[in-house]
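Below is one structure; the comments refer to it alone.
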2 protein chains.
Amino acid sequence: MSTSTKERICTAMAELMRTQGYGATTVKQVSELAKAPMGSLYHHFPQGKQQIAAEALRAAGAAYIQLLPLLMDPHDDLREAVSAAFADAAEQMEQAGWINMCPVVTVAGEIADSEPALRTVAAEILDSWIVQGTEYFVHRGLAAGQARRFTLTFLSALEGAFILSRTLRSTEPLRAAGAAVAFQLVNSTV
Amino acid sequence: MSTSTKERICTAMAELMRTQGYGATTVKQVSELAKAPMGSLYHHFPQGKQQIAAEALRAAGAAYIQLLPLLMDPHDDLREAVSAAFADAAEQMEQAGWINMCPVVTVAGEIADSEPALRTVAAEILDSWIVQGTEYFVHRGLAAGQARRFTLTFLSALEGAFILSRTLRSTEPLRAAGAAVAFQLVNSTV
DNA sequence: GTCTATATGCTGATAGAC
DNA sequence: GTCTATCAGCATATAGAC
């Protein structure tokens, strides 16, 4: 067996939150998808649903930010790279049937006022995205201050456009947002 | 009595979804906040929770888009107007204790794959926002095609930044996104 | 139209044999 | 560590008096 029960539970939770959110996901669904009985869930995660969600979000968040260099490194021109990243996201979302790629922001919006513990976890993940994004864009030639602002804009536009595109079933918001974020770099020396 | 029972139910549902999302909001909470007994809820909304949510989202969406001219008309320069709108949003969110101003996008992200009927309602609301936003920015001097793309960018960045700011408890994402969206207009004749 | 009392199913969580 | 059986509580929704 290559994957542990604990890992399968985390993956299942992330997968379900990605498409259904936190509130609509039941521990029974997690149990079934992970092929792990209820008792195993509460053996590995004594604090129950919240703890499973927290660990699943951390793992998903860490994996998701790695897409940034993966999608953008192939493009020498940073403006092209930004456009390509948004275009790739749009294409993948359409091909996947308009389901979410990552549960972090969906769940963050959903639980920001009703699940304080999970809100803190989401904030930690977003913080690490901002730090890693800033580092990447500095590496790509932006000044430190500009890189942080650009990362915040990049993430805000990407996540907002994700929700719009997903709800409208259209790539138009992601394409428009990608062009706008790339345009930010018009004055930069890249 | 100035407000009908039906209106109070809608308002209560919108208020609760705004801070808790759809899944975490129970009809009992709606009943209590609206000061209407369970029977009244199901008398006015025979299809139950979903129907209350649909009507509440429609009303909230219609009210929310009216903030656009309200916040931006005072500013002659469109770039200033955009910055001001994002800054106002950030300030109001911070003063309100980081709770959401509008339930539409939060709920849209939450239910996009689990509640098809509500997803359709959310899509109709977003469509109407895009149409009305485009009209407004044409009125403010943008060309028709540019105005639609700008509206999509504006809404994506605003909503994404809302979630980031709300989760991080910081105005930084909203301020960065506002500056970026305003920068879009750098070449425009306003 | 309003309101109380309640039905029915499902929720997260647990107990305890193996 | 794994698994089955089950708890107690709460969810949405309804019935029926007023």
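Because only heavy atoms are used, hydrogens play no part in the values below, and waters and symmetry mates are left out as well, while side chains stay in. Chain A is the first sequence line, chain B the second, and so forth, proteins listed ahead of strands; every chain is numbered from 1.
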**OP:** Calculate the interatomic distance between A/Leu41 atom CG and D/dT6 atom C1'; express it in whole Å.
**Re:** 17 Å
Original post:
Would you call A/Arg58 and A/Glu124 a salt bridge, using N to O less than 4.0 angstrom?
Top reply: yes
Original post:
Whole-Å distance between D/dA11 C1' and B/Gln20 CD?
Top reply: 14 Å
**OP:** Report yes if a side-chain nitrogen or oxygen of B/His43 is closer than 4.0 Å to either non-bridging phosphate oxygen (OP1 or OP2) of D/dT14; otherwise report no.
**Re:** no
Original post:
Taking the six-membered ring for Trp, are A/Phe150 and A/Phe137 parallel (under 30°), tilted (30 to 60°) or perpendicular (over 60°)?
Top reply: perpendicular
Subject >> Value in whole Å for how far the C1' atom of C/dC3 lies from CZ of B/Arg8 >> reply: 13 Å
Original post:
Does the distance from a Lys or Arg side-chain N to an Asp or Glu carboxylate O, for B/Glu94 and B/Arg169, drop under 4.0 Å?
Top reply: no
**OP:** Rounded off to whole Å, could you give me the NZ-to-C1' distance for the A/Lys35 and D/dT2 pair?
**Re:** 16 Å
**OP:** List the protein contact pattern of nucleotides 12-18 of chain C with one symbol per nucleotide (5' to 3'): B for base contact, S for sugar-phosphate-only contact, - for none; contact means a heavy-atom distance under 4.0 Å.
**Re:** BBB----
Original post:
Atom CZ of B/Phe45 and atom P of D/dT14: how far apart are they, to the nearest Å?
Top reply: 15 Å
Throw together a table of side-chain donor-acceptor distances under 3.5 angstrom for residues 16-24 of chain B, partners on residues two or more places apart or in other chains.
unit_1	atom_1	unit_2	atom_2	d
B/Arg18	NE	B/Glu15	OE1	3.4
B/Arg18	NH1	B/Asn100	O	2.6
B/Arg18	NH2	B/Glu15	OE1	3.3
B/Arg18	NH2	B/Glu15	OE2	2.8
B/Thr19	OG1	B/Leu16	O	3.4
B/Gln20	OE1	B/Thr25	OG1	3.3

Original post:
Using a cut-off of less than 4.0 Å, is there contact between a side-chain N or O of A/Ser40 and OP1 or OP2 of D/dG1?
Top reply: no
Original post:
Hey, are A/Arg119 and A/Asp113 close enough for a salt bridge, meaning a charged N less than 4.0 Å from a carboxylate O?
Top reply: no
Subject >> A/Phe86 ring center within less than 6.0 Å of A/Phe154 ring center >> reply: yes
Original post:
OP1 or OP2 of C/dG1 less than 4.0 angstrom from a side-chain nitrogen or oxygen of B/Thr5, does that happen here?
Top reply: no
